[in-house]
Amino acid sequence: MRKSVRKILPWQMALVWVLTRAALLLAALQIIPVGHAGSFDNDVSLYQDWSRTLLTGQFPAGDDKWQYPPLAAVPMVVPHLLPWDYHLDFYLVAVLCDLLILLMLWRFTAKTGGSRTGLWAWTVGAALLGPLLISRYDLMVALVAVMALTASADPVVRGLLIGIGLIVKVWPVALLAGLRRWREVLKGAGSAVAVGVVGCGLAVAMMPHAFDFLTAQEDRGLQVESLAATPFALGRVLGWWDGFTNYQHGAMEAVGPGVETAARLSLIATPLAVGLLALWWLRARAGARTYYDAALTAVLFLVVTSRVLSPQYMVWLVGVAAVVLAVRPGEDGPTQRPAAWLILAATLLTGVMYPWVEQDYSWTGRLPGTLVLVARNVILLVAAVVSFVQLWRSTRRRGGPSYVPAHRAAAQAS
């Protein structure tokens with residue numbers, strides 16, 4: 001009886017999703033007037049400009065804002081398949097992807113007997129970002145990531161989906177972290193690389209300037225919203241730092257004493273975080289939840305060590321956190337739920353922070369908005385630490401059962 005009920009999406013949840021997404025769509029279109037309208041549609045306008053170039057058969061050349069892998073062209077061009085204004089079409093495609101994420105989570109919950117908390121985390125948690133949720137193409141990438149996490153326990157299938165995400169916006173490669181045995185790693189990473197090579201190869205063969213995004217990424221500085229820039233944002237408002245922010249490479253970046261050093265440290269922090277995950281991988285005893293837990297830790301590490309932490313990056317984290325919250329707790333020891341709840345708290349602050357108080361920390365350096373930014377980044381840092389500690393504790397070897405292969409883990413979960 002319980003299982004059959006779980007196969008039905010609760011009407012309350014469906015109603016909340018419809019109401020919140022309708023509100024986000026109306027706000028993005030300014031039918032419900034909201035301030036800072038340009039903060040929601042400026043990237044969509046940029047996507048529209050790029051899509052026109054892409055439809056001529058080439059990638060944007062000489063544009064330092066184009067910083068995306070070749071298949072990022074797909075979500076930017078797809079809205080042209082609809083007959084209305086590009087902005088409306090983009091929002092509608094985004095809302096469809098949003099719905100598909102909810103349905104993927106619902107299917108996963110029903111199949112595994114998991115928790116509805118994950119469904120609510122996406123329904124309500126993602127909406128905390130406001131119209132930003134549907135006005136960035138990160139939602140399309142989050143859909144691919146959620147599919148990689150929930151569609152199949154077969155490492156080849158996961159790898160194929162991760163490979164698609166890799167050539168749309170790189171970060172889904174972090175989802176490989178939870179593959180445990182060498183055979184799983186080889187299958188998953190091999191299929192991901194194969195998709196990446198084929199996709200990039202086709203892009204290079206069909207359209208010039210396919211890899212110009214690499215140069216644009218190399219030139220990026222330290223975005224003011226990143227964790228590494230937090231001391232400068234706080235120091236600026238308190239009078240400790242004699243620097244400023246400047247709009248360049250499509251973002252507000254910190255400029256002044258110590259920034260270059262902080263940017264280098266941020267670059268070093270990413271491989272160090274990968275090293276920590278590698279150390280965990282070599283020592284871990286995996287359980288049914290390990291793949292999902294490791295995915296959350298890896299994506300958190302990627303976000304907090306990056307020189308860039310745009311508000312839409314929270315879409316990635318909420319998607320993975322929703323999957324973690326949907327996984328049945330089981331008997332594997334500490335879970336990632338504390339880190340997932342911290343991510344939702346950071347998401348709420350991000351929805352407040354951008355665009356409503358963005359001017360405070362980006363341009364004017366005033367205290368209220370800066371404190372919101374600092375609080376959000378501190379929560380993300382704590383979430384990353386908590387996530388890794390919980391991952392380590394839940395998988396440490398202590399004479400318990402041996403490694404559970406992916407297909408058995410899925411069977412146990414169901």
| field | Step-by-step side chain to side chain contact (heavy atoms under 4.5 Å, CB included) determination, L348 to L129 | value | CA-CA 7 Å; L348 173 60; L129 288 171; over 6 Å; no

| said: Using the rule given for side chain to side chain contact (heavy atoms under 4.5 Å, CB included), can you reason through L55 versus V77, listing the C-alpha separation, both sets of side-chain angles and the distance that settles it, and then say yes or no? | reply: CA-CA 8 Å; L55 288 172; V77 170; 3.6 Å; yes

| Audit row: D138, M314, side chain to side chain contact (heavy atoms under 4.5 Å, CB included) steps and yes/no | CA-CA 9 Å; D138 296 77; M314 296 305 302; over 6 Å; no

| What's the verdict on side chain to side chain contact (heavy atoms under 4.5 Å, CB included) for M76 and Q48, showing C-alpha distance, side-chain angles and the deciding distance? | CA-CA 7 Å; M76 297 178 192; Q48 183 178 21; over 6 Å; no

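Here W171 and W316 bring their ring centres to under 6.0 angstrom of each other. Ring pair F388/F301: centre-to-centre distance below 6.0 Å.
Within the 4.5 Å cutoff, the side chain of P172 has heavy atoms near those of the V141 side chain. With a 4.5 Å cut-off on side-chain heavy atoms, V315 and R136 do not count as touching. V124 is not listed as a side-chain neighbour of W17, based on a closest heavy-atom distance of 4.5 Å or more. Between L380 and L309, some side-chain heavy-atom pair lies under the 4.5 Å cut-off. In this structure the side chain of L302 never reaches within 4.5 angstrom of the side chain of V173, judged on heavy atoms. In this structure, the side chains of L105 and I101 come closer than 4.5 Å at one or more pairs of heavy atoms. Using a 4.5 Å heavy-atom cutoff, the side chains of V320 and Y292 are not in contact. In this structure the side chain of W392 reaches within 4.5 angstrom of the side chain of R283, judged on heavy atoms.
Heavy-atom minimum distance, D154 versus V156: OD1-N, 2.9 Å. Among all heavy-atom pairs drawn from A23 and I32, the shortest one is O-CD1, 4.2 Å. What you find for I167 and G199 is that their closest heavy atoms are CD1-CA, 3.9 Å. Residue V170 comes nearest to P69 through the heavy atom pair CG2-CG, 3.5 Å, listed as atom of the first residue, atom of the second, then distance. Smallest separation of non-hydrogen atoms from L132 and Q312: CD2-N, 4.0 Å. Heavy atoms only, all atoms of each residue included: V318 and A126 are closest at CG1-N, 3.9 Å.
Looking at S266, its side chain never comes within 3.5 Å of a backbone N or O of A262 through a donor-acceptor pair. Using modelled atom types, one side-chain atom of T230 and one backbone atom of L227 make a donor-acceptor pair closer than 3.5 Å. Of the possible polar contacts, one joining the S115 side chain to the T117 backbone as a donor-acceptor pair under 3.5 Å is found. Side-chain atoms of S226 never come within 3.5 Å of backbone atoms of V308 as a donor-acceptor pair (strictly under, hydrogens ignored). A side-chain donor-acceptor contact under 3.5 Å links Q336 to the backbone of S387. D41 contributes no side-chain N or O that, together with a main-chain N or O of A28, makes up a donor-acceptor pair within less than 3.5 Å. Side-chain atoms of Q223 never come within 3.5 Å of backbone atoms of R307 as a donor-acceptor pair (strictly under, hydrogens ignored). No donor-acceptor pair closer than 3.5 Å links the side chain of W122 to the backbone N or O of A321.
To the nearest 0.5 Å, atoms CG (D98) and OG1 (T20) are separated by 7.5 Å. Annotation: the span from M252 atom CE to L222 atom CG amounts to 12.5 Å, rounded to 0.5 Å. A distance of 10.5 Å separates CG of L300 from OG1 of T305, quoted to the nearest 0.5 Å. With values rounded to the nearest 0.5 angstrom, D293 atom CG is found 8.5 Å from W280 atom CH2. The structure places OG1 of T109 at 9.0 Å from CG of L102, a figure rounded to the nearest 0.5 Å. The structure places CE of M147 at 12.0 Å from CD1 of I162, a figure rounded to the nearest 0.5 Å.
Stacking of R158 on the aromatic ring of Y291 is recorded, both the 6.0 Å distance cut-off and the 45° axial limit being met.
Y137 pairs in a ring-ring contact (aromatic ring centres under 6.0 Å, His included) with only one of the listed residues (Y68, Y91, W50), which is Y68. For the side chain to side chain contact (heavy atoms under 4.5 Å, CB included) with L175, the lone residue among L161, L166, L149, V144 that qualifies is L149.
A donor atom on one side chain and an acceptor atom on the other are found under 3.5 Å apart for R376 and T350. Between the side chains of S45 and H87, a donor-acceptor pair is found at a separation under 3.5 Å.
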